[in-house]
Amino acid sequence: CLCRTAHLLARLFIPVFISINPICSISVLPVYQVCSHQSIILSTPSEIQMLSTLNASQVCVCVFSLHSDVDSGDGNIKYILSGEGAGTIFVIDDKTGNIHATKTLDREEQAQYTLTAQAVARDTNKPLEPPSEFIVKVQDINDNPPEFLHGPYSARVPEMSNVGTSVVQVTATDADDPTYGNSARLVYSILQGQPYFSVEPQTGIIRTALPNMDREARQEYDVVIQAKDMGGHMGGLSGTTEVKITLTDVNDNPPKFPQSVYSMSVLEDNVPGEEVGRLKAKDPDLGDNGLVNYRLIDGDGLGMFELTTDSETREAVIKLKKPVDFETKRSYTLKVEGSNPHVDPQFLAWGPYKDEATIKISVEDADEPPVFVAPSYTFEVEENAPEGTLVGRVHAKDTDVANNPVRYMIPRYTDVEQFFSINSEDGMITTTRPLDRETQAWHNISVSATEIGGHHQDTKVRVNIKVKDVNDNSPEFATNNEVLMCETVVPGRVIETVSAVDKDEMAHRQHFTFSLAPEVVHNNNFSLKDNRDSTASIYVLRKGFSRLTQDVYYLPIEINDNGFPPLSSTNTLTIRVCSCDSKNTILSCNVEPYVLPAGLSTGALIAILACIVILLAIVVLFVALRRQKKEPLIVFEEEDIRENIITYDDEGGGEEDTEAFDIATLQNPDGANGFLPRKDIKPELQYPLRPVNCWGKKRYCCMTKMTGSRNFVDWIHKLPQWFLRVILFP
């Protein structure tokens, strides 16, 4: 086809041909039928614009139409549409090329769509022209109202601020296109909060509009701000937000006592320090602005009473400074002043920031129990102080006119072990035995005071006794763990850092010092270095330690606490020698018997096993022989005599020699005692034969006495033990 280029020279309802592809072109026809007569403007040859409010119900036929130069109208050409929204938002009539919009178009969701169109043969789907791309842009309309993304707002401004004081700035946003028309041009106005505040139309800054706004009269204001687009003109959309404005406090009010005269009373038996009464000046300001300081400025009771301020309630507290006597003076007058310590120079002209009031105090008489001069007592006593040491004195008195005497006692339930005693007349507390601070550092007891006479009223007071520390405990090691040291340790290496503890209290800058005991100062194994920080380092002086030679070393160390008086003690550090690997990791520290190396040869193992087998065979044979014999194999009686009988071929003497000696008696010694052996049984050879010397030339048996049979048996029994010992402990 012939490529051509056409410019946008015609208005709506006039066909326009747009060159989209350099090879061929597809004509884009504007819409001929649009509901409500909405206009579709073609801004560029490759771009199509449509209103963002266009939807399926507003389109009568189509949005725009595509046409190919090769389309002769016979229906053999099929138009195909692809790209963003193709098939969902935009659908095409494959015969006519008309493109329809099926959904509402919203520019804020997607401002443009890129589509690709192509003409193909209907029967073969073979492209007749290359695909052509065009862009559909959605034209913006004012369909989004302004929104305050950070609302609602809260702001603070000081009370009594000048007119025009800036309070806060509010900001609204509009999702419409700010470059197109006035859809996103916003104007601010105030709907609620006048006449106290105003807002700048262009910036949204809220300012005060009235002078002298008083926080004490009204503290909070609810302001409503509106933002309207289209420059605030008719037809524009709007949005609102709320702003809560709080007036902060300034010191613009002086303190004021509710009454000009206050009446109070005090009992004559009250002790100094007791509260008489309270008063408070009103100040509507907050925080430091409402802080009020009080002081006594005049009156005849200045020497008898004192004034303090309660830190929590900020009240003026009148307390008894000295005891009062009903019979001497029955009333006092005081004048108190309350003032602000923090005054704002801006409001000095509104002063003075202070007020005065008069206090009248009457003294009353009453029958009261004895009163201790202090609500509680705290005493100190040194530990190990001897029996009878003075701890302190408590004092109570009867404030009645009768002034009865008072007796003191310590309730036993408060001092169960009776560490203390008290003089019943003067209240002097003493110890009954030496006290140990390390056992109990504080003793909390009660003392009771009872009025003698009258109604026998009594009262109690708490007495806290602190046991002061005395340096009476020697220092000792902080831990008693053994020190494990490798056999291969090198000289000069620190094997342990020791520290000490002391049950006594350590004074400021007091520290422990360490040294070796005199008997080991010149030892060649270890040395000690005092680190001057209550620790000491143990160093190795030599090498070549061996567990087999000595596995444990004991190093006595002297520790001095440098107290007053100074105390020291000798503590023994146990150092155990251990076997370690090449990385100085401890393998074993136990004392173990030295065993043969594991690498024995095969011949040695076979020899050991053969010896064991032979030994077991001998033992079994020996036991079997003993069980088989009717009589013991060896007789241990010393009078038992056995002989070896040996036959010779030599001729001996005659009949006289054989008759002169009864050989049966020698063969059986029991026959000498009347027991005759049987002649019909051949005697058995009980002992092995051994060579002997024979005398005479006659033919007869020579016998030799056997001795040492007991030693032989003992050797046989001990043979297994000896053999095992040789194997296990060579």
Spacing of [X] atom [atom1] and [Y] atom [atom2] [to the nearest 0.5 Å]:
{"X": "Asn571", "Y": "Phe514", "atom1": "CG", "atom2": "CZ", "value": "9.0 Å"}
{"X": "Asn464", "Y": "His443", "atom1": "CG", "atom2": "NE2", "value": "11.5 Å"}
{"X": "Leu516", "Y": "Ile557", "atom1": "CG", "atom2": "CD1", "value": "6.5 Å"}
{"X": "Leu567", "Y": "Asn471", "atom1": "CG", "atom2": "CG", "value": "4.5 Å"}
{"X": "Ile495", "Y": "Tyr539", "atom1": "CD1", "atom2": "OH", "value": "11.5 Å"}
{"X": "Glu383", "Y": "Asp436", "atom1": "CD", "atom2": "CG", "value": "5.5 Å"}

Stepwise side chain to side chain contact (heavy atoms under 4.5 Å, CB included) test for Ile429 and Val463: CA-CA 10 Å; Ile429 301 175; Val463 179; 4.1 Å; yes

Could you pull out the closest heavy-atom pair between [X] and [Y], with the gap in Å?
{"X": "Ala396", "Y": "Ala449", "answer": "CB-CB, 3.7 Å"}
{"X": "Glu519", "Y": "Pro556", "answer": "OE2-CG, 3.7 Å"}
{"X": "Ser446", "Y": "Pro411", "answer": "O-CD, 3.0 Å"}
{"X": "Tyr408", "Y": "Ile422", "answer": "CB-CD1, 3.7 Å"}
{"X": "Glu558", "Y": "Ala517", "answer": "CG-CA, 4.2 Å"}

Check SG atoms, Cys578 and Cys486, less than 2.5 Å apart: no

Go through the steps for Asn293 and Thr309 under the test side chain to side chain contact (heavy atoms under 4.5 Å, CB included), then give the verdict. CA-CA 8 Å; Asn293 289 346; Thr309 302; 5.8 Å; no

Between the side chains of Asn473 and Asp502, is a donor N or O closer than 3.5 angstrom to an acceptor N or O? no

Between Asn531 and Ser537, is there a side-chain donor-acceptor contact under 3.5 Å, judged purely by atom types and distance? yes

Does the pair Phe372 and Val406 meet the rule for a side chain to side chain contact (heavy atoms under 4.5 Å, CB included), with working shown? CA-CA 11 Å; Phe372 285 94; Val406 176; over 6 Å; no

Is the number of heavy atoms from other residues, nucleotides or ligands under 6.0 Å of [X] [atom1] greater than 12?
{"X": "Asn524", "atom1": "CG", "result": "no"}
{"X": "Arg433", "atom1": "CZ", "result": "yes"}
{"X": "His342", "atom1": "NE2", "result": "yes"}

Which pairs count as side chain to side chain donor-acceptor pair (under 3.5 Å) when at least one residue sits in residues 477-500, sequence neighbours excluded? Glu482-Arg576

Is any NZ, NE, NH1 or NH2 atom of the basic residue among Arg278 and Glu315 found under 4.0 Å from an Asp or Glu carboxylate oxygen of the other? yes

Please walk me through it: do Phe526 and Phe545 pass ring pair (Phe, Tyr, Trp, His ring centres under 6.0 Å)? CA-CA 12 Å; Phe526 307 99; Phe545 290 92; 5.7 Å; yes

Heavy-atom distance under 4.5 Å between the side chains of Tyr554 and Thr574, does that happen here? yes

